[in-house]
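Below: one structure, written as structure tokens.
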Amino acid sequence: MSRVQLNPPQRAAVEHLDGPLLVLAGAGSGKTGVITHKIAHLIASGYQAERIAAVTFTNKAAREMAARVGQLVGRQRASGLQISTFHSLGLRLLREEREAAGLKRGFSIFDADDADKLLADLLGRDAELRKLARITVSRWKSALISPTRAVTEAEDDREASLARAYSEYQRHLGAYNAVDFDDLLYRPVELLREDPALAERWQNRFGYLLVDEYQDTNGAQYELFRRLTGPRAAFTVVGDDDQSIYAWRGARPGNIADLSRDFPHLTVIKLEQNYRSCGHILTAANRLIQGNERVYDKNLWSALGAGDRVRILACDDEADRVVSEMVSHRLRTGGQPGDYAVLYRSNQQARAFERVLRERNVAYRVSGGRSFFDRGEIRDVIAYLRLLTNPDDDAAFLRIVNLPRREIGPATLEQLGRYAGERGLPLFAAARGIGLSGRLGERSARRLGDFVEWAADLMMRSESEAPDSLVRQMLADIDYRAWLRDTAANRQQGERRAENVDEFVAWLGRHSEDDRGQPASLETLVGKLGLMDLMEREDRQDAAQVQLSTLHAAKGLEFPHVFLAGIEEGLLPHQNSLDEDNVAEERRLMYVGITRARRSLTLSYCRQRRRGRDLVDCQPSRFLEELPVDELDWPGKRRDNDDPEARQARGRAHLAGLRAMLDSE
DNA sequence: CTCGCGCGCCTTTTT
DNA sequence: GGCGCGCGAG
């Protein structure tokens with residue numbers, strides 16, 4: 001928090017140690033500051049750092065929080081703090097309770113892709129069915145429904161067959177010595193529920209729990225939290241139900257309301273002073289969100305002055321218009337490109353803005369995109385590492401056994417699969433034995449044998465050698481670079497892939513020591529990788545670049561000047577949400593967008609929009625009508641008390657805009 | 001069964 | 001404007 005002083009409710013939230021606390025933190029109300037100050041306060045009050053756990057939803061948020069706490073209390077005193085995502089916390093519990101969980105050393109974490117491949121094996125090629133199965137299995141786990149329960153409670157044939165697939169899927173995960181993302185919550189909860197001694201041990205381990213973005217917790221996360229906090233209920237959760245925008249991926253905003261049921265002594269503190277936005281922007285936000293039914297009513301206020309009115313633009317060419325406004329605004333005020341953001345509902349809307357920004361040579365960056373750890377070449381290397389630490393990981397085995405080509409083809413693998421199935425062996429172990437069975441031709445057997453021998457040697461060496469040099473050696477052995485070059489669509493792509501791999505190996509090198517300077521084992525590193533998030537390197541906000549972002553990806557960010565684009569019926573609220581009768585979540589999305597703006601906010605909509613080949617008429621969003629019309633600058637819309645000064649100001653701005661457009665041609 | 005072409009449709013995304 | 005799926009043909 002940049003302010004040294006806490007305001008009274010913030011201070012109350014920080015100093016409240018007696019019993020469970022829910023902090024309802026409005027947008028821009030300094031909630032991260034409250035959490036970090038609270039951690040500092042806990043340490044000052046005698047809590048040992050290693051007995052404080054703070055939980056966030058993304059690795060990025062966890063990293064930022066750790067950095068801010070470090071600044072506040074000093075790295076020395078902050079060391080040992082457990083600041084992590086729910087999933088990392090679950091992983092840590094599973095690691096330490098590995099035997100109770102029935103897992104072997106080095107167990108793998110399956111990502112969505114691995115899970116999908118496994119389901120494909122179980123269900124065949126029907127993509128629709130697979131997708132349904134993936135979603136259903138994930139829902140069941142998030143709701144803590146076991147395979148057995150899913151099978152017995154199935155209401156129709158379809159559900160019963162999905163439940164059987166779920167059961168098979170879990171069985172296979174077990175055979176692979178693997179867990180999936182949902183298991184990182186589901187299985188710890190299972191352990192805590194079924195083993196009272198274990199539960200007590202973990203409850204004693206953490207003297208105090210803090211949860212950020214509490215409105216985004218799903219059923220399993222809530223249960224993990226509840227079982228870790230135990231009867232002592234020494235916790236602070238911070239959230240804003242008005243910013244709950246992830247119901248579609250399992251978040252249960254109802255968890256906020258349920259807290260006071262599960263913890264009758266819950267104290268609730270509201271943070272309503274906003275330190276981010278000017279008055280007009282907040283008035284618009286408050287008015288809009290009042291359109292939703294809410295359990296806890298909040299009213300944000302700001303001491304920053306009224307600021308500019310919220311502008312609304314009706315456009316013919318929206319991207320062109322918005323960029324023109326942005327450019328002219330910047331010329332008038334002398335700001336940086338990074339002061340501006342264009343926010344929209346769906347990714348595809350970015351394209352038009354990208355085009356115009358490129359044409360005018362304005363630097364920009366776009367939210368989202370493929371994650372570094374999601375790229376094929378990186379996933380390949382990770383599969384190798386997974387196999388080295390967990391020889392039972394059949395998914396990893398299959399991914400790399402013939403990559404680069406070792407002439408171990410489908411026929412060989414089919415034989416191997418059959419052999420393994422008969423003996424109940426993982427593929428790698430089976431591959432070590434099959435050579436003597438006479439099932440494979442001499443050549444195939446030799447190729448498979450060579451691979452297995454090579455891998456086994458690496459496995460042995462991984463016990464003692466440093467991970468990064470081992471990986472370098474391994475990549476040289478298989479001439480991975482040549483493989484990347486040969487399989488790339490063009491030279492450039494091959495180069496880029498090779499660079500990514502280099503960067504990955506460098507990353508391994510940087511993480512080859514743990515916090516205390518001890519060398520990290522390959523096993524530890526691979527575990528970290530499973531939960532590693534996107535592009536650490538691209539995280540920074542860049543002052544030289546306009547930010548293009550979806551509304552979802554913009555949560556938690558702020559910009560001096562924000563343009564919300566495509567504020568139209570069908571886009572925001574999105575048609576699918578209208579069909580599902582879920583306008584409330586769309587309204588919260590719009591609320592999140594509005595409250596990103598510090599000094600100026602411009603909402604735009606198109607009169608007509610290309611949809612495929614044809615041009616369709618657009619209706620301005622119902623949300624625009626819900627805004628306080630007296631506070632808006634909406635050219636073409638009648639206002640009850642339109643003062644001459646504002647009209648003049650608009651005239652001046654318009655002229656400046658024209659001038660800027662001419663300049664920028 | 002697999003490949004290729006053409007049509008049609010087109011949220012949000014983390015671990 | 002691009003991607004994914006479905007259908008048809010080889």
Side-chain angles (χ1 to χ4, degrees), chain A residues 55-63 84-92 94 108-115 124-131 134-135 138 141-142 178-188 212-213 216-218 220-221 224 243-251 319 343-355 366-374 410 527-535 549-556 566 568 570-580 582-583 585-590 592-593 609-616:
Chain A
V55 186
T56 62
F57 276 81
T58 62
N59 288 303
K60 185 180 165 198
R63 261 197 319 273
S84 69
T85 60
F86 270 111
H87 289 82
S88 320
L89 186 63
L91 175 62
R92 183 170 161 198
L94 273 188
S108 298
I109 300 169
F110 271 32
D111 64 18
D113 227 56
D114 302 316
R125 280 179 192 270
D126 187 341
E128 195 76 11
L129 179 67
R130 253 156 60 191
K131 191 167 150 240
R134 204 180 51 217
I135 292 168
S138 179
K141 287 191 187 178
S142 298
V179 296
D180 69 12
F181 282 137
D182 295 313
D183 282 340
L184 294 175
L185 308 170
Y186 175 82
R187 311 237 5 220
D212 191 15
E213 304 280 11
D216 291 336
T217 46
N218 67 25
Q221 284 160 334
L224 179 59
Q243 292 187 70
S244 160
I245 54 176
Y246 285 109
W248 53 271
R249 67 173 196 214
L343 310 182
Y344 37 79
R345 176 67 228 261
S346 70
N347 274 315
Q348 51 180 51
Q349 289 171 259
R351 214 171 319 160
F353 290 98
E354 286 193 72
R355 203 196 66 233
V366 191
S367 73
R370 192 85 170 275
S371 129
F372 180 64
F373 290 92
D374 256 1
K528 223 180 201 172
L529 276 173
L531 295 179
M532 204 50 224
D533 71 335
L534 335 176
M535 26 204 163
S549 171
T550 62
L551 287 164
H552 284 92
K555 191 164 124 189
E568 294 151 33
L571 264 179
L572 187 72
H574 196 274
Q575 189 56 47
N576 296 12
S577 294
L578 291 174
D579 295 343
E580 289 159 22
N582 192 8
V583 182
E585 177 135 323
E586 300 286 311
R587 195 176 279 108
R588 288 192 290 269
L589 258 181
M590 171 104 173
V592 166
R609 198 176 273 279
R610 290 217 98 78
R611 199 162 172 76
R613 267 167 290 290
D614 30 36
L615 212 58
V616 292

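Every chain is numbered from 1 and lettered A, B, ... according to where its sequence line falls, protein lines coming before strand lines. These numbers were taken from a predicted model, which means no experiment stands behind them.
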Using atom P of each nucleotide, how far apart are C:dC5 and B:dT12 to the nearest Å? 16 Å

C1' spacing across the pair B:dT11 / C:dG6, given as an integer number of angstrom: 23 Å

Using the side-chain heavy atoms of [X], tell me which of these nucleotides is nearest: [options].
X      : options                : value
A:R351 : C:dG1, B:dT15, B:dT12  : C:dG1
A:N576 : B:dT15, B:dT11, B:dT12 : B:dT11
A:S346 : B:dT13, B:dT15, B:dT11 : B:dT11

Nearest whole Å is fine: how far is [N] [atom2] from [X] [atom1]?
X      : N      : atom1 : atom2 : result
A:W248 : B:dT15 : CH2   : C1'   : 13 Å
A:K131 : C:dG4  : NZ    : P     : 12 Å
A:E354 : C:dG2  : CD    : P     : 12 Å
A:E213 : B:dT15 : CD    : C1'   : 15 Å
A:L589 : B:dT13 : CG    : P     : 10 Å
A:Q348 : C:dG4  : CD    : P     : 14 Å
A:D216 : B:dT12 : CG    : P     : 17 Å
A:L224 : B:dT15 : CG    : C1'   : 13 Å

Just checking, is any N or O donor in the side chain of A:E586 or A:N582 under 3.5 Å from an acceptor N or O on the other one? no

Residues forming a salt bridge (charged side-chain N to carboxylate O under 4.0 Å, His left out) with A:D182, sequence neighbours excluded: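 Partners of A:D182 by the salt bridge (charged side-chain N to carboxylate O under 4.0 Å, His left out) criterion come out as none, since no residue qualifies.
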
Non-neighbouring partners of A:E213 that pass salt bridge (charged side-chain N to carboxylate O under 4.0 Å, His left out), sequence neighbours left out: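 Checked A:E213 against salt bridge (charged side-chain N to carboxylate O under 4.0 Å, His left out); matches are A:K31, A:K555.
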
Could you tell me whether the side-chain ring of A:H574 sits stacked on the base of B:dT11, using a centroid cut-off under 5.5 Å and a plane angle under 30°?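 Stack criterion met.
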
Ring of A:Y246 versus six-membered ring of B:dT12: centres under 5.5 Å and planes under 30°?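 So A:Y246 does not count as stacking on the base.
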
With distance as the sole test, does A:R345 use its side chain to make a donor-acceptor pair with the main-chain N or O of A:L571 at under 3.5 Å? no

Give [X] one of three labels, base, sugar-phosphate or nothing, depending on what nucleic acid heavy atoms sit under 4.0 Å from its own.
X      : answer
A:S88  : nothing
A:N347 : sugar-phosphate
A:E586 : base

Euclidean distance, A:T56 OG1 relative to A:L89 CG, rounded to 0.5 Å: 10.5 Å

Within less than 4.0 Å of OP1 or OP2 of B:dT15, is there a side-chain N or O belonging to A:N59?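 For A:N59, the contact criterion (side-chain N or O under 4.0 Å from OP1 or OP2 of B:dT15) is met.
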
Since syn is defined as within 90° of 0, does B:dT11 count as syn or as anti? syn

